[in-house]
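So that the names make sense, note that chain A is the first sequence line, chain B the second, and so on, each numbered from 1. Every heavy atom of this structure was used, including side-chain atoms; hydrogens, water molecules and symmetry mates were not.
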2 protein chains.
Amino acid sequence: MLPEEKDTINQLTKAPIESLNLHSITVVTNLYRAAQGLRNKMEREVLAKHGLSWTSFSILYDLWIWESVETKKLALSAGVSKATISNITNTLERKELCYRKVDNRDRRITCVVLTDKGRKVMEELYPRFHEGEVEVVSSLSVEEQTLISNLLRRVIRENDF
Amino acid sequence: MLPEEKDTINQLTKAPIESLNLHSITVVTNLYRAAQGLRNKMEREVLAKHGLSWTSFSILYDLWIWESVETKKLALSAGVSKATISNITNTLERKELCYRKVDNRDRRITCVVLTDKGRKVMEELYPRFHEGEVEVVSSLSVEEQTLISNLLRRVIRENDF
DNA sequence: TTACTATCGTTTCAATGCTAACGATTATGA
DNA sequence: TCATAATCGTTAGCATTGAAACGATAGTAA
């Protein structure tokens, strides 16, 4: 929070300024802004060529690694709802990048499988995506990268994210 | 062949495992996961009561602080497109939380203004939101919070996020 | 003044995203 | 066995999101 914002908030909230935890606000603000910027950059500079969103790409990535993944696990991995996975899978299927396959042992479960075309897209796209990853955090040293990763991981674990 | 040409080709065609920067991958992965979890938690535990999304709330927050903000500045602040601001403003207007006001000096510019109802919602909502902020990063010490904020800020500044 | 250019917000259209409801399937327990 | 509960993915309905096209307005140059 900017210094000049303090007074305004103090005037408008019942909660006095002393009770506001400025450290928490700063972490949350910077965390979300960095992630938002990251996503926008990647979608604009890397993923737009193939008309993929960040979430679509992360699903394709999972499929690339694991070959075949259940819908529920995809949702958990991407941090979105099952409905979103269902919708995105429809889009990816239309582009022939993946297909659905009902599990034989438990017919409630649907697995999503990468197609050859999907694999080719990932083989071309991932190197470019990785370039972007490196670029985004290039201002930090390796030690700082390790440090921020560990801090972020603590937040993730502690909140079950 | 120039050295940088070699690198480009190497990155775009083969991209062997050895050339992957695992530190960058870890930072990006954890950064986005933490932000995603943060957003989901806030929308679920705090904002859902009032049917607000993270972006809607961040717009209301700007209006709360600045009283009246141009559409373009709202987009820049929230990290979304002007079209998104336009749509969300429609929704917020429908809920009578804000209204539009054309600038007299430059009639191309539209300012969004908080209503009394909007202010009341923020006065009730912000303390709860802040509770969530504190909770999310509560596993980190103040020193660690300062540290991660500074690292995130460097990433933000270096990328113009 | 009159063109031309730039900027701003909205609209259009398709995709993403969530909640809740639903149908199908499997597990459980009397 | 059979009724009930639990789990899974999809669907319906609506809000969010962005790229591109668009109209309106302002700035600029001849």
Quickly work out the A:Asn87 CG to D:dA12 P distance and round it to whole Å. 11 Å
Can you tell me if A:Arg100 touches the phosphate of D:dT10, counting only side-chain N or O atoms and a distance under 4.0 Å to OP1 or OP2? yes
Base, sugar-phosphate alone, or nothing: which one does B:Ile88 contact when heavy atoms must sit under 4.0 Å apart? sugar-phosphate
How do A:Arg39 and A:Asp106 order along DNA chain C: which one's closest nucleotide is nearer the 5' end? A:Arg39
Phosphate contact (D:dC8 OP1 or OP2) by A:Thr71 side-chain N/O below 4.0 Å: no
Between C:dC18 and A:Thr84, is there an OP1 or OP2 to side-chain N/O distance shorter than 4.0 Å? yes
Rounded to whole Å, CG of A:Asn104 lies from C1' of C:dT26 at a distance of 15 Å
Verify the contact: side-chain N or O of A:Ser53 to OP1 or OP2 of C:dT16, cut-off strictly under 4.0 Å; return yes or no. yes
Within the pair A:Lys72 and D:dC8, is there a side-chain N or O less than 4.0 Å away from OP1 or OP2? yes
Without hydrogens or angle criteria, can the side chains of A:Thr26 and A:Thr29 be said to hold a donor-acceptor pair below 3.5 Å? no
Distance in angstrom units between A:Lys82 NZ and C:dT16 C1', rounded: 18 Å
May I ask you to check whether B:Asn30 and A:Arg154 show a side-chain donor-acceptor distance below 3.5 Å? no
Closest nucleotide among D:dT11, C:dT26, D:dA15 to the A:Arg107 side chain: C:dT26
Intermediate values then yes/no, side-chain contact (heavy atoms from CB on, under 4.5 Å), A:Asp116 and A:Arg119: CA-CA 5 Å; A:Asp116 288 340; A:Arg119 191 171 296 105; 2.9 Å; yes
OP1 or OP2 of C:dA15 less than 4.0 angstrom from a side-chain nitrogen or oxygen of A:Arg94, does that happen here? yes
To the nearest angstrom, the CG-P distance between B:Leu74 and C:dG9 comes to 9 Å
Taking OP1 and OP2 of D:dT17, is either one under 4.0 Å from a side-chain nitrogen or oxygen of B:Thr55? yes
For B:Asp62 and B:Leu74, indicate whether the former's side chain and the latter's backbone hold a donor-acceptor pair under 3.5 Å. no
Of the nucleotides C:dC18, C:dT16, C:dT12, which has the atom closest to the A:Ser81 side chain? C:dC18
Interatomic distance, B:Asp103 CG vs C:dT10 P [rounded to whole Å]: 13 Å
Here the distance between atom P of C:dG17 and atom CG of B:Asn40, to the nearest Å, is 10 Å
Using only side-chain N and O atoms of B:Ser56, determine if any of them is under 4.0 Å from OP1 or OP2 of D:dT16. yes
Send over the distance from A:Ile85 CD1 to D:dC8 C1', rounded to a whole Å. 14 Å
Please check if the number of heavy atoms outside A:Trp66 that lie under 6.0 Å from its CH2 is greater than 12. no
Nucleotide D:dG9, atom P - distance to CD of A:Glu70 in whole Å: 7 Å
For the pair A:Trp64 and A:Tyr126, name the ring-plane relationship: parallel under 30°, tilted 30 to 60°, perpendicular over 60°. tilted
If you check the B:Ala83 side chain, which of C:dA15, D:dG18, D:dA26 turns out closest? D:dG18
